[in-house]
Engineer: 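Mind looking over this structure? Questions follow.
What you see is a predicted model, and the numbers here were worked out from it, not measured in a lab.
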Amino acid sequence: RRRLAVIPRSTTTTRTPIEMGSDEDDGFEGLLDDAASVVEIVREGAEADASVVILGVEGGSVEVLGFADAGSAFGDVASALDPSIIAFVYGRVSFGTDVTTSRKLVLLTWVGPETTTIERGRIAEQRAQLRAAVNMVVHVELEAHSTEEAEQPAVVARVRAAIGRSSQAD
């Protein structure tokens with residue numbers, strides 16, 4: 001069972017998650033106003049917890065735009081990323097063999113293909129605000145400009161390259 005809740009950007013203060021998949025409540029909706037708590041759930045990595053969270057920075061504050069629950073991957077949220085925004089996708093990536101598995105925490109900066117030049121110029125500022133507001137452990141930082149770059153196989157390949165593992169068998 002995989003479920004993705006994405007909160008649409010709007011100018012109103014009330015946001016309703018758009019749920020894809022199951023209608024079951026897994027308890028994360030109460031945390032949507034607390035980005036630090038959701039990031040901690042992803043970082044701790046219990047199998048029943050969220051494994052990917054989408055964060056946005058607006059006016060200096062960090063907000064949760066969505067999350068994907070246990071067993072989900074970057075590819076599960078890639079199609080839900082708005083092409084006109086900058087967002088930060090934080091999640092766990094696991095890869096390896098039956099004998100050894102590597103687990104890395106990844107911060108993927110999503111720069112949608114329709115993002116304005118002015119917004120693109122604010123990426124470093126927003127990333128700094130995110131880091132200041134939320135205590136994150138990040139092993140690998142990536143940037144994606146298309147949904148293909150944010151899909152699971154591309155993310156895993158780039159994480160492997162970043163840590164020096166190019167083989168599928170390691």
Side-chain angles (χ1 to χ4, degrees), residues 4-13 15 17-18 28-29 31-45 49-70 72-95 102-165:
L4 172 66
V6 177
I7 303 166
R9 280 191 176 275
S10 68
T11 56
T12 63
T13 55
R15 296 192 173 159
I18 300 170
F28 293 114
E29 281 81 4
L31 297 174
L32 292 177
D33 293 328
D34 186 6
S37 295
V38 177
V39 166
E40 180 71 19
I41 289 169
V42 170
R43 186 175 58 125
E44 290 300 317
D49 292 336
S51 55
V52 180
V53 62
I54 306 169
L55 303 165
V57 178
E58 186 92 22
S61 65
V62 178
E63 57 186 335
V64 177
L65 301 178
F67 62 86
D69 65 1
S72 299
F74 277 85
D76 296 324
V77 299
S79 61
L81 293 168
D82 184 335
S84 65
I85 67 166
I86 292 171
F88 301 93
V89 183
Y90 181 70
R92 298 187 306 262
V93 173
S94 297
F95 54 88
S102 292
R103 184 182 137 213
K104 300 297 176 191
L105 294 166
V106 176
L107 178 63
L108 179 116
T109 301
W110 166 253
V111 183
E114 298 171 15
T115 305
T116 66
T117 305
I118 293 171
E119 285 294 315
R120 288 173 188 257
R122 296 181 51 218
I123 293 171
E125 174 189 355
Q126 289 182 351
R127 189 179 299 123
Q129 291 171 344
L130 175 69
R131 293 274 195 156
V134 180
N135 182 23
M136 289 183 165
V137 173
V138 176
H139 299 133
V140 179
E141 284 194 37
L142 303 173
E143 194 167 292
H145 298 270
S146 68
T147 53
E148 292 79 23
E149 292 177 327
E151 292 287 342
Q152 187 71 9
V155 170
V156 170
R158 291 169 67 195
V159 169
R160 284 177 178 274
I163 64 169
R165 288 191 178 171

Engineer: Does a side-chain heavy-atom distance below 4.5 Å link Leu65 with Asp82?
Structural biologist: no

Engineer: Taking all heavy atoms of Val62 and all of Ala35, pick out the closest pair and write down the distance.
Structural biologist: CG1-CB, 3.6 Å

Engineer: Side-chain contact, heavy-atom cut-off 4.5 Å: Val159 with Leu142?
Structural biologist: yes

Engineer: Within the 4.5 Å heavy-atom criterion, are Arg92 and Leu105 side-chain neighbours or not?
Structural biologist: yes

Engineer: By the side chain to side chain donor-acceptor pair (under 3.5 Å) test, which pairs, at least two apart or in different chains, include something from residues 107-117?
Structural biologist: Thr109-Arg127

Engineer: Residues two or more places apart in sequence or in another chain: which of them pass salt bridge (Lys or Arg N to Asp or Glu O under 4.0 Å) with Arg158?
Structural biologist: none

Engineer: What's the shortest heavy-atom distance between Ala150 and Leu108, and which atoms?
Structural biologist: CB-CD2, 4.2 Å

Engineer: To the nearest 0.5 Å, what is the distance between CD on Glu58 and CD on Gln129?
Structural biologist: 10.0 Å

Engineer: How about Val89 and Val52: do any of their side-chain heavy atoms sit closer than 4.5 Å?
Structural biologist: yes

Engineer: Taking side chain as C-beta onward, heavy atoms only, is Tyr90 less than 4.5 Å from Val138?
Structural biologist: yes

Engineer: Side chains of His139 and Ile163: closer than 4.5 Å at any heavy-atom pair?
Structural biologist: no

Engineer: Is the closest side-chain heavy-atom distance between Val140 and Val93 below 4.5 Å?
Structural biologist: no

Engineer: Using the rule side-chain contact (heavy atoms from CB on, under 4.5 Å), only one of Gln152, Arg103, Arg160 pairs with Phe95; which is it?
Structural biologist: Arg160

Engineer: When rounded to the nearest 0.5 angstrom, what is the spacing between CD1 in Ile86 and CD in Glu143?
Structural biologist: 8.5 Å

Engineer: Applying salt bridge (Lys or Arg N to Asp or Glu O under 4.0 Å), which residue pairs with at least one partner in residues 146-157 are found, sequence neighbours left out?
Structural biologist: none

Engineer: Considering only heavy atoms from C-beta outward, does the side chain of Val39 approach that of Leu55 to under 4.5 Å?
Structural biologist: yes

Engineer: Roughly how far, to the nearest 0.5 Å, is OG of Ser84 from CD of Glu119?
Structural biologist: 9.0 Å

